[in-house]
Undergrad: 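Just passing along the structure, written as structure tokens.
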Amino acid sequence: MNNSVQLVLRQIPSVNKILQDSVMKSIIADYGEKLVKISINSVLGEIKSNILNGLVDNIPNYDDIVNQIKVEVNSKALPSLRKVINGTGIILHTNLGRASLPENVLNQMQRIASGYSNLEFDLETGKRGSRYAHVAGLISKITGAEDAVVVNNNAAAVMLVLSTLASKGDVVISRGELVEIGGSFRVPEIITSTGGNLVEVGTTNKTHLNDYAEKINEETTALLKVHTSNYKVIGFTEGVSTQELHQLAKENNLPLIVDLGSGLLVDLSKYINYKEPTVQEMVKNSDIVTFSGDKLLGGPQIGVIAGKKKYIDKIKKNQLLRALRVDKLTLSSLEIILREYYLKDEKELLASIPVLKKLTESSDNLEQKAKDLLIILKANNKLNLKIIEDYSKVGGGSLPGLELPTYLVAIKAEGISVNKLESRLRKIDIPIIGRTIKDYFCLDLRTIEENEYEIIKDGLCRIISN
Ligand SMILES: *Cc1c(COP(=O)(O)O)cnc(C)c1O
């Protein structure tokens with residue numbers, strides 16, 4: 001290191017000196033000394049490394065250093081996982097956390113989280129109980145399944161089922177169903193990773209019952225049907241119905257396993273133009289069904305395994321279940337959601353489960369919401385605003401191709417490009433995520449709650465006055 005660099009480094013103020021600064025003292029009063037010290041060290045460390053790497057010749061002036069520390073404290077004071085406003089209109093946005101939960105679920109989670117509970121304690125006998133007992137009965141009553149267990153997510157559910165029932169032989173599946181879901185879940189890899197031998201039948205667009213029948217032999221352990229929930233094969237296509245496949249499985253004394261994915265528990269065909277099989281239909285026509293909790297079911301992230309008791313009993317004995325088990329918070333929220341499905345009628349459900357509400361929200365309602373948000377945002381005269389009609393998507397690998405008519409508030413900010421606007425809105429305390437259409441930043445009202453309008457207004461005000 002040469003002398004001039006050493007001289008510059010010596011000018012960096014000491015941590016102690018900065019801590020004595022009156023501005024710092026008031027920040028310490030708000031945020032605590034530890035966070036402020038961490039932030040000072042990180043800012044000073046960066047200044048030092050910039051000088052050592054020859055990126056700058058001099059240290060910033062003292063006021064700039066203090067300002068940088070303030071910014072650092074502010075950003076470090078926020079947790080990494082935070083609330084965001086979802087203005088994309090994608091209801092089950094996997095990157096934004098999929099399903100949002102109803103209020104009564106949150107109250108129950110808080111009660112269970114803040115104290116002890118009868119998680120694995122049977123209050124009748126005073127002996128050890130099962131954590132699955134809190135939800136298995138409800139799942140059976142709602143879906144008609146003989147029994148059920150739940151695990152971390154549907155990927156885990158499929159792995160557990162295959163590793164229990166089909167790890168030592170052939171698993172027969174249609175080539176049209178060897179799908180990838182969400183990048184990290186590929187059906188062929190899942191089958192082979194659990195020890196099963198993948199036997200593909202049919203072609204990408206057509207599979208006949210005979211194709212399955214021809215491949216069944218002494219080595220076969222299960223027939224697998226994967227609901228192609230995140231894409232559609234259209235045109236010259238043919239698949240085998242679950243009923244037919246179930247009949248074939250029965251004749252050969254094999255289980256039919258269905259990976260349903262989306263977990264729809266109420267028939268929505270009256271409300272949306274899409275035919276999605278319900279869990280109840282699949283339970284009737286198969287031996288084991290697996291599905292997610294945080295897709296169309298509208299609950300927490302879990303995977304449900306429901307079906308015939310003789311198979312569920314085997315699954316319960318698999319050691320892997322222990323590694324995939326769900327925690328008390330998840331179970332507490334799942335139970336409340338399931339109670340809604342069990343105790344409420346269809347109309348009430350569409351109002352109380354946020355995912356179902358968003359899926360079936362009328363475009364009249366959405367238009368009114370867009371008008372309400374527009375009025376609130378109009379208070380800021382640097383915004384150029386308009387309402388446009390568009391379509392929302394379901395997302396989360398569910399109901400592919402379905403487009404729900406919706407209304408957006410389109411925003412342009414004076415002197416700020418749409419890309420800048422989008423990027424600044426991502427970097428505020430409660431980030432606002434939307435869609436960019438031409439040179440407008442757009443917010444789809446389908447995924448925005450009324451109590452978020454003011455947050456959006458404040459967010460926009462902040463980045464525009466900056
Ligand atoms: C979404 C999906 C999965 C993965 O479920 P996760 O709950 O996200 O783990 C598996 N199979 C199908 C058919 C799906 O749609």
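Residues: numbered from 1 along the sequence shown. Since the model is a prediction, treat every value here as computed from it, not as a measurement. Atoms within a ligand are numbered from 1 in the order they appear, just like the ligands themselves.
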Undergrad: For the 3.5 Å polar cut-off, considering only N or O atoms, please tell me whether A155 and ligand 1 meet it.
TA: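 There is such a contact, yes.
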Undergrad: Is D294 in polar range of ligand 1, meaning some N or O pair under 3.5 Å apart?
TA: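 No; the residue has no nitrogen or oxygen that sits under 3.5 Å from a nitrogen or oxygen of the ligand.
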Undergrad: Of all the atoms in ligand 1, which lie at a distance below 4.0 Å from a heavy atom belonging to S292?
TA: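 Counting atoms of ligand 1 from 1, those under 4.0 Å from S292 are 5 (O), 6 (P), 7 (O).
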Undergrad: Could K127 and F121 be counted as a cation-pi pair, given that NZ or CZ must be under 6.0 Å from the ring centre and within 45° of the axis?
TA: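 That pair does not qualify as a cation-pi contact.
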Undergrad: Below 4.0 Å from ligand 1: does a non-hydrogen atom of R98 turn up there or not?
TA: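 A heavy atom of R98 does come that close to ligand 1.
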Undergrad: Got an N/O contact under 3.5 Å between H227 and ligand 1?
TA: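 Min N/O separation from ligand 1 is not below 3.5 Å for H227.
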Undergrad: Are any of the side-chain nitrogens in R128 or E120 under 4.0 Å away from the carboxylate oxygens of its partner?
TA: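 The answer is yes: the pair qualifies as a salt bridge.
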Undergrad: Is it true that K295 lies under 4.0 Å from ligand 1, counting heavy atoms only?
TA: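 A heavy atom of K295 does come that close to ligand 1.
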Undergrad: Do the side chains of E449 and K369 get close enough for a salt bridge, i.e. N-O under 4.0 angstrom?
TA: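 Here E449 does not pair with K369 in a salt bridge, since their nearest N and O are not under 4.0 Å apart.
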Undergrad: In chain order, what residues pass the salt bridge (charged side-chain N to carboxylate O under 4.0 Å, His left out) check against D439, with sequence neighbours excluded?
TA: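 D439 satisfies salt bridge (charged side-chain N to carboxylate O under 4.0 Å, His left out) with K412 only.
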Undergrad: With K328, which residues qualify under salt bridge (charged side-chain N to carboxylate O under 4.0 Å, His left out), at least two apart?
TA: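 Applying salt bridge (charged side-chain N to carboxylate O under 4.0 Å, His left out) to K328 gives none.
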